[in-house]
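Each chain gets a letter, A, B and so on, in the order the sequences are listed, and its residues count up from 1. We use all heavy atoms of the structure for the numbers below, so side chains are in, but hydrogens, waters and symmetry mates are not.
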Amino acid sequence: MDHDRMSTDDTDADSNDETATPVDEPDDEHHDFWAEGVADEIEQRDPNDPIVIKGGVSPSGVAHLGNVNEIMRGYFVAEALRDRDHEVRQVFTSDDRDPLRKLPRKLADPDGQIVGLGEVDAGALGRNLGKPYTDIPDPFGERDSYAAHFAALLEADADRLGVDIEMYSNTELYGEGAFDPVVERVLDRVDTAREVLSEYQAKADDDYVPFNPICEECGKLTETVTDIDLDAETVDYVCTDMEVGDETIEGCGHEGTATFREGKLPWRFEWPGQWQVLDVDFEPFGKDHAEGSWPSGVDIAENVLGIEPPVPMVYEWFTLNGEALSSSAGNIVTVPELLELLEPEIIRYFFALHPKKARDLDLSRLDQLVDDFDRFEEAYYEGVDDESVTAFAEAAYPYVVGNVTDERPIRLPYTFAAVLGMVDDRDLREKLARDEGHIPDDADEATVEAALARVEQARTWAERMDNAYNYRLQAELPDVAFDDATSDALDSLADVVAAGHDGETIQSEIYDTARDHGIEPGDLFEAGYRLFFDETQGPRLGEFLGDLEQEFVVGRLRRER
RNA sequence: GGGCUGGUAGCUCAGUUAGGGAGAGCGUCUGGCUUUUAACCAGACGGUCGGGGGUUCAACUCCCUCCCAGCCCGCCA
């Protein structure tokens, strides 16, 4: 669960909380993929099919890569169980009866792009503080509510990553009475509930009632319940002020009556309630819950609700570019943004790595992650000289890619793809890739297309990062000036190219020509890079020029076009 | 202050659950591809496994302690 944590987020950890994990059961089987170990743990509970795996978020602001932990970590466990012939449902709760407690600093528009509050009617949001997300209009005016907007973003992300999740709206679950038995039990045993809760939080005195009705007058969630009627399944309440951090959300003073379907349980009860209602067998959650709501949830599940809590798994948070994820600070990346830079299977790979390690996703070195994935893939198909990588790949690769093809897919090395991105011509890209041996002669068109798709991604990366690969073949002659010796050398080189030499010859001619004209080869190379890239460095020049249109190269070397 | 989880090469990470060889990729350096110029190939350099102590024939691995980082220890979620 990644509730309401826009500023931080994720990564992993497996869990073994002694409160819920049978420590006396022998975990004698070693697995090369963590999800298999979790699957063991779940099977030891002897659960009924379908096995239910849950994730969930509070629809606070932006759906970002941190939330993907909730989706992907459960996904791998689900797949491991399906592989063992279990029927598995992966459910996801949008905890959308939660109240909007403060204005988010950033939102994601319907396309998943991050925008500031200035893009929307922030005033309308401000007037709705304290109301459930499902009762607040979609700031973008498309969906039924703020909550629906957020849920749609998350569902779209899951879809982009190829994960099939069943979304559940908490508000709908309350509305249709799914929580009724939970609310009734908690209120019936309100003394026990207070006693259990008091172990974990101070605010559990004799007046405390773990149910927050929605005020029928102002629509805000309230916390002052004055009477409980178990037979009628209602509570009486007074709409009092609510303290939220340093701020106060004012109540309207209304006194009314609400049914069990017109309010919500506080989080510490709601979470175990979800386990009961959805019959949850496994749930991953971020480290923030490990010492907070998880222990209390277990206690409440066992001693108030009388159910067995799911198998837990704590995941560590990952950092982005070395810093904690923070939407307000702008240190955030969304799934659609990342998919402009790499393939979805690489995102899945990232989340297949051990959840217990805090990782850094460094966009400036995405090539490392892609290289790691490529090696992981190679390990699956052919094995690599690192046993642990090969073992991990054999266990995890099928889940990471979803559909394993007979043949290993062609992957252009990411930085090489970035080099190809320096030219726009698609056929030239293909030629360069073939010349370098990255595309086999017998590759069909679809295979070539698939391989070249990475060029656009690597190109986008080079541009975004403005790194050492962000060169562009200059269509127009750059503003250049050379001394006489260099100019003469360039003319000579132009003659060589005009005579029709291939790349290798051009490469060696650059050296010879430079010497013939009494200049350093380095100077001539630099002149070439100036002419073609308007830079002082670039890719291996001779071979590069050899692949370009001869007439263009000659003209450019003569500084004519 | 207490608790939880991490800390392995410059970078990204395996390896730790069952104690016995410290590893990979990338980067760097060197060399090769007739010829320093980012794509290819080979080799090398590179680590007190966060520090210290203990147990053991043997510790990255187990125990104690300290340091660093994140999280939890109000409310909410």
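We find that CG of L129(A) is positioned 18 Å from P of C76(B), with the value rounded to whole Å. Straight-line distance from the CD1 atom of I506(A) to the P atom of U34(B): 16 Å, rounded to whole Å. Whole-Å rounding puts the L197(A) CG to C76(B) C1' distance at 12 Å. The CZ atom of F416(A) sits 5 Å away from the C1' atom of A39(B) (whole-angstrom rounding). When rounded to the nearest whole Å, the span between CG of D362(A) and C1' of C11(B) equals 9 Å. As a whole-Å value, the separation of R365(A) CZ from C13(B) P is 9 Å. For W294(A) and C71(B), the CH2 to P distance is 22 Å, given to the nearest whole Å.
For G70(B), its base sits under 3.5 Å from the side chain of K287(A) at one donor and acceptor pair at least. Contact of Y469(A) with A39(B) (side chain to base): no donor-acceptor pair of N or O atoms is detected under 3.5 Å.
Taking atom P in both C11(B) and G50(B), the straight-line distance is 14 Å, to the nearest Å. Comparing G27(B) with A38(B), their C1' atoms sit 13 Å apart, to the nearest whole Å. Atom C1' of U12(B) sits at a distance of 29 Å from the matching atom of G20(B), rounded to the whole Å. C66(B) and U28(B) are spaced 35 Å apart, taking the C1' atom of each and rounding to whole Å. One C1' atom belongs to G51(B), the other to C41(B), and the distance between them is 42 Å to the nearest Å. For the C1' atoms, the distance from G52(B) to C57(B) is 23 Å, rounded to whole Å. Look at the C1' atom in both A22(B) and G31(B): the space between them is 27 Å, to the nearest Å. Nucleotides A24(B) and C45(B) are separated by 11 Å at their P atoms, to the nearest Å.
Across all non-hydrogen atoms, the minimal contact from E377(A) to Y397(A) is OE2-OH, 2.6 Å. Across all non-hydrogen atoms, the minimal contact from A417(A) to V455(A) is O-CG1, 3.6 Å.
Base-pair partner of A69(B): U5(B) (Watson-Crick or G-U wobble, both distances under 3.5 Å). Applying the Watson-Crick and G-U wobble criteria (two distances, each under 3.5 Å), U61(B) pairs with nothing in any strand. The partner of A24(B) is U12(B), by the rule that a Watson-Crick or G-U pair needs both atom distances under 3.5 Å. Pairing partner, C40(B): G32(B), with both Watson-Crick or wobble hydrogen-bond distances short of 3.5 Å.
Listed nucleotides A38(B), C72(B), C76(B) differ in distance to Y471(A); the shortest reach to its side chain belongs to A38(B). Nearest nucleotide to the side chain of K357(A), out of U35(B), A14(B), C75(B): A14(B). Comparing U12(B), A77(B), C72(B) by their nearest atom to the side chain of E291(A) picks out C72(B). Between C76(B), G15(B), A38(B), one nucleotide has an atom nearer to the side chain of S388(A) than all others, and that is G15(B).
With a 6.0 Å radius and a threshold of 12 heavy atoms from other residues, nucleotides or ligands, E463(A) has its CD atom above the threshold. For CD of E250(A), the number of neighbouring non-hydrogen atoms (other residues, nucleotides, ligands) closer than 6.0 Å is 12 at most.
Residue R540(A) is in base contact, counting any heavy-atom pair closer than 4.0 Å across all strands shown. F392(A) comes within 4.0 angstrom of nothing in the nucleic acid, heavy atoms only. Residue P266(A) is in sugar-phosphate contact alone, with no base atom involved, counting any heavy-atom pair closer than 4.0 Å across all strands shown. T415(A) comes within 4.0 angstrom of nothing in the nucleic acid, heavy atoms only. Across all strands shown, F269(A) has no heavy atoms under 4.0 Å from either base or sugar-phosphate atoms.
At a cut-off of 3.5 Å, with distance as the only test, a side-chain donor of D360(A) or T319(A) sits close to an acceptor on the other residue. With 3.5 Å as the limit, one finds no donor-acceptor pair spanning the side chains of S327(A) and H64(A). Judged by distance alone, the side chains of D367(A) and Y469(A) never bring a donor and an acceptor atom under 3.5 Å apart.
Between E223(A) and L524(A), the residue anchored nearer the 5' end of RNA chain B, judged by the nucleotide with its closest heavy atom, is L524(A). Annotation: of the two residues near RNA chain B, V419(A) and N212(A), the 5′-most nearest-nucleotide partner is V419(A).
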Please write out the pairs of protein N or O atoms and N or O atoms of nucleotides 23-28 of chain B separated by less than 3.5 Å, giving the distance to one decimal.
| from | atom 1 | to | atom 2 | distance (Å) |
| --- | --- | --- | --- | --- |
| A24(B) | O4' | D386(A) | OD2 | 3.3 |
| A24(B) | O2' | R375(A) | NE | 3.2 |
| A24(B) | O2' | R375(A) | NH1 | 3.4 |
| A24(B) | O2' | R375(A) | NH2 | 2.2 |

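Ring orientation note: the planes of F76(A) and W34(A) are nearly perpendicular, at an angle over 60° on the 30°/60° scale.
With hydrogens and angles ignored, the 3.5 Å screen pairs a side-chain donor or acceptor of E70(A) with a backbone N or O of G56(A).
Note that CG of L366(A) and CD1 of I346(A) are 8.5 Å apart. Values are rounded to the nearest 0.5 Å.
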